[in-house]
Novice: 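Pasting a structure below so you can have a look.
Values below: all heavy atoms of this structure, side chains included; hydrogens, waters and symmetry mates excluded. Numbers here are sequence positions counted from 1.
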Amino acid sequence: MKRLLVLLMVLALFVPVWADAQGMSGPPEVRVLVNDVEIPCVTVLNKWNGATVKRMATFPTLVEQQQGREVPYCEPGAEVRVKFSAPVPDRAELSDRILNPDGTDKYSAPDQPDVQSLTEFPDGWISFELEPNPMSMLSSDGADYEPGASLRGFLLKCWWGENECEYAFMLRTDAGIAAQSKSDDPYEQIAALEPQDYEGLFSWVGRADGAYADALAWRLGESFALNGNAFVSALLACDEQTRTGAIDLLVYEFTIIYGEMESAQAMDALEQLLDQHERPDLLGYIQAQVKANMG
C-alpha cells in the first residue's frame, strides 16, 4: 500500500506538466536575441487544441507591425538565440528565406534552402550562427550586394503534441559569402569577394593560376554582368598589366565557359562599353584573344 501511495505521488508531480503541455490555451512566448538585443517576433497559430487556424501572410504582417522601423542588422557569423518560456516544444524546424522589402518571398519556394530540424532545447534555448544564405547571390541587382541590403526571414515552426505554431522574425545582413572570411585558401578568398569589390577582384589578376584562375574568371564575369559600366570604369583605372590580364580572364570566361548565345551577348556588351570609352586598343586586343581561344 505504501509503494502504491509513493507511485501515485510521483505520478502526480508529472501529470500537471504533461497536461499543461497538451492543453495550453496558446503557445508559449519566445524572445529572439542577437548580440543581446531583442528582435521583434510574431507568433502564427497553425493548429491549436483541435482547431485549424487560417494562415496569415507571416512576413508581410511582420513588416506592417514594424511600422516603418528599420529591421535590425546582424553581421554574418553572429549568434542568434531564441528563448522559450515553458514548456519547450517537442520538436521544431527552422527555415530561412530571402525577402522583398514588403515581406514577400524574393525567390520561389523551391529555391529556398532546406529546413533544419531541432529536437533539443537546452535550458529552453535554441541558438544558431548566422551563416550566409546562398540564395542572396541570385540577385542581378547590384544594390542587393550593398552591406546590410539582404533582408532575411526566419521561420521557427514548433510542435507540442498535435498543437502547432510558427514564430517569425527578420534580420538585415550582408549578401553572399561573409567578407570576413579569414581563410588562407586563395579559392575561398576569391569566392568571399563581393561583386562590387573591383579593387579586391583586380588585385588577384596575375596572382591566381590553375583552378584559382577559373574561380577568378567566374567572379570577374559575374561582376561585369551585374554592372558592366562600373566594372569597365574600374578596369580602365588599373595598370596595363592588370587590364590585359583581366581581359584575358573575361574572354576565357565568355568564350570557353558561357554558352554560344550568352557568350555573344557578353562580348558585345564588353566591346560596346570599351568603344564608348574610346579604347580601340583594347578592342583589338580582345578580338585577338577571342580568335586565339576559338582557334
Novice: Do you know which two heavy atoms are closest between C41 and Y167, and how far apart they sit?
Specialist: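 In this case the closest contact between C41 and Y167 is SG-CB, 3.8 Å.
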Novice: If we check salt bridge (charged side-chain N to carboxylate O under 4.0 Å, His left out) with E164, which of these qualifies: R91, K47, K157?
Specialist: K157
Novice: CG/D248 to CG/L220 distance, rounded to the nearest 0.5 angstrom?
Specialist: 11.0 Å
Novice: Is a donor on one side and an acceptor on the other found under 3.5 Å between the side chain of S117 and the backbone of E93?
Specialist: no
Novice: Give the cluster check for W159 versus F154: same hydrophobic cluster or not, with ILVMFWY residues linked at side-chain heavy-atom distances below 4.5 Å.
Specialist: no
Novice: How about L171 and Y73: do any of their side-chain heavy atoms sit closer than 4.5 Å?
Specialist: no
Novice: Do D123 and K83 meet the salt-bridge criterion of a basic N to acidic O distance under 4.0 Å?
Specialist: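 No, this pair does not count.
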Novice: Using side-chain heavy atoms (C-beta onward) and a distance below 4.5 Å, is V44 in contact with C165?
Specialist: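 They are not in contact (no side-chain heavy atoms under 4.5 Å apart), so the answer is no.
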Novice: To the nearest 0.5 Å, what is the distance between CG (L250) and CG (L235)?
Specialist: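 If I round to the nearest 0.5 Å, the distance is 7.5 Å.
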Novice: Could you please spell out the steps behind the side-chain contact (heavy atoms from CB on, under 4.5 Å) verdict for L282 and I247?
Specialist: CA-CA 9 Å; L282 293 179; I247 287 175; 3.8 Å; yes
Novice: Rounded to the nearest 0.5 Å, how far apart are CG of D174 and CG of D144?
Specialist: 12.5 Å
Novice: Quick check for you: to the nearest 0.5 Å, what is the distance between D275 atom CG and E271 atom CD?
Specialist: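 It comes to 9.0 Å.
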Novice: Quick one: closest heavy-atom pair of A217 and L249, and the distance?
Specialist: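 Smallest heavy-atom distance, with atoms named: CB-O, 3.7 Å.
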Novice: Is there a side-chain contact between L130 and C74 (heavy atoms, below 4.5 Å)?
Specialist: yes
Novice: Can you check whether D96 reaches E131 side chain to side chain, under 4.5 Å on heavy atoms?
Specialist: no
Novice: Using a strict threshold of under 4.0 Å (side-chain N to carboxylate O), is an ion pair present between R31 and E38?
Specialist: yes
Novice: Do D36 and R81 pass the side-chain contact (heavy atoms from CB on, under 4.5 Å) test, and can you show the C-alpha distance, the side-chain angles, and the key distance before you say yes or no?
Specialist: CA-CA 9 Å; D36 295 324; R81 300 188 298 149; 3.2 Å; yes
Novice: For residues G77 and E129, report the shortest heavy-atom separation together with the two atoms involved.
Specialist: O-CG, 3.4 Å
Novice: What are the two closest heavy atoms between I98 and S150, and how far apart are they?
Specialist: CD1-OG, 3.8 Å
Novice: Are any non-hydrogen side-chain atoms of R152 and L99 less than 4.5 angstrom apart?
Specialist: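 No, every pair of side-chain atoms sits at 4.5 Å or beyond.
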Novice: Give the minimum heavy-atom separation between R243 and L236, together with the two atoms involved.
Specialist: NH1-O, 3.5 Å
Novice: Examine I126 and V30 and state if one hydrophobic cluster contains both, with Ile, Leu, Val, Met, Phe, Trp and Tyr joined whenever side-chain heavy atoms are less than 4.5 Å apart.
Specialist: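 Yes, one cluster joins them.
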Novice: Using a 3.5 Å cut-off and no angle test, enumerate the donor-acceptor pairs between side-chain atoms of residues 226-234 and protein atoms at least two apart in sequence or in another chain.
Specialist:
| from | atom 1 | to | atom 2 | distance (Å) |
| --- | --- | --- | --- | --- |
| N227 | OD1 | A230 | N | 3.2 |
| S233 | OG | N229 | O | 3.0 |

Novice: Is the CD atom of E199 crowded by more than 12 outside heavy atoms at less than 6.0 Å?
Specialist: no
Novice: Determine, stepwise, if the pair W125 / V82 fulfils side-chain contact (heavy atoms from CB on, under 4.5 Å).
Specialist: CA-CA 6 Å; W125 286 96; V82 181; 5.8 Å; no
Novice: Flag the pair E166 / N46 as yes when at least one side-chain heavy-atom distance between them is below 4.5 Å, and no otherwise.
Specialist: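 In contact.
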Novice: Would you give the length of the straight line joining atom CG of L155 to atom OG of S95, rounded to the nearest 0.5 angstrom?
Specialist: 4.5 Å
Novice: Of all heavy-atom pairs between P89 and F121, which one has the smallest distance, and what is that distance?
Specialist: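 The answer is O-CE1, 3.1 Å.
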Novice: Quick check: does any side chain N or O of S203 sit under 3.5 Å from a backbone N or O of G200, one acting as donor and the other as acceptor?
Specialist: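 Yes.
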Novice: Can a salt bridge be assigned to the pair E222 and R219 using a cut-off of 4.0 Å between side-chain N and carboxylate O?
Specialist: yes
Novice: Suppose we screen for side chain to side chain donor-acceptor pair (under 3.5 Å). Which residues come up paired with N100, at least two apart in sequence or across chains?
Specialist: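 Here the qualifying residues are T104.
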Novice: Is the count of non-hydrogen atoms from other residues, nucleotides or ligands lying under 6.0 Å from D239 atom CG greater than 12?
Specialist: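 Enclosed.
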Novice: Determine whether a donor-acceptor pair (N or O, by modelled atom type, separation under 3.5 Å) exists between the side chain of R97 and the backbone of G153.
Specialist: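 Pair absent, no side-chain N/O of R97 close to backbone of G153.
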Novice: Enter the distance from L156:CG to L94:CG here, rounded to the nearest 0.5 Å.
Specialist: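 The CG atom of L156 sits 6.0 Å away from the CG atom of L94.
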Novice: Any side-chain heavy-atom pair from I39 and P72 closer than 4.5 angstrom?
Specialist: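 Counting from C-beta outward, I39 and P72 do come under 4.5 Å.
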Novice: Give a yes or no on whether F128 and V88 share a hydrophobic cluster (residues Ile, Leu, Val, Met, Phe, Trp, Tyr; joining criterion: side-chain heavy atoms under 4.5 Å apart).
Specialist: yes
Novice: Given F169 and F59, is the ring-ring contact (aromatic ring centres under 6.0 Å, His included) satisfied, shown in steps?
Specialist: CA-CA 8 Å; F169 57 96; F59 291 107; 8.5 Å; no
Novice: For the hydrophobic clusters of this structure (ILVMFWY residues joined by side-chain heavy atoms under 4.5 Å, transitively), does one cluster hold both L62 and L33?
Specialist: no
Novice: Is the shortest heavy-atom distance from the side chain of E194 to the side chain of E146 under 4.5 Å?
Specialist: no
Novice: Considering residues, nucleotides and ligands other than E79, do more than 12 of their heavy atoms fall under 6.0 Å from its CD?
Specialist: yes
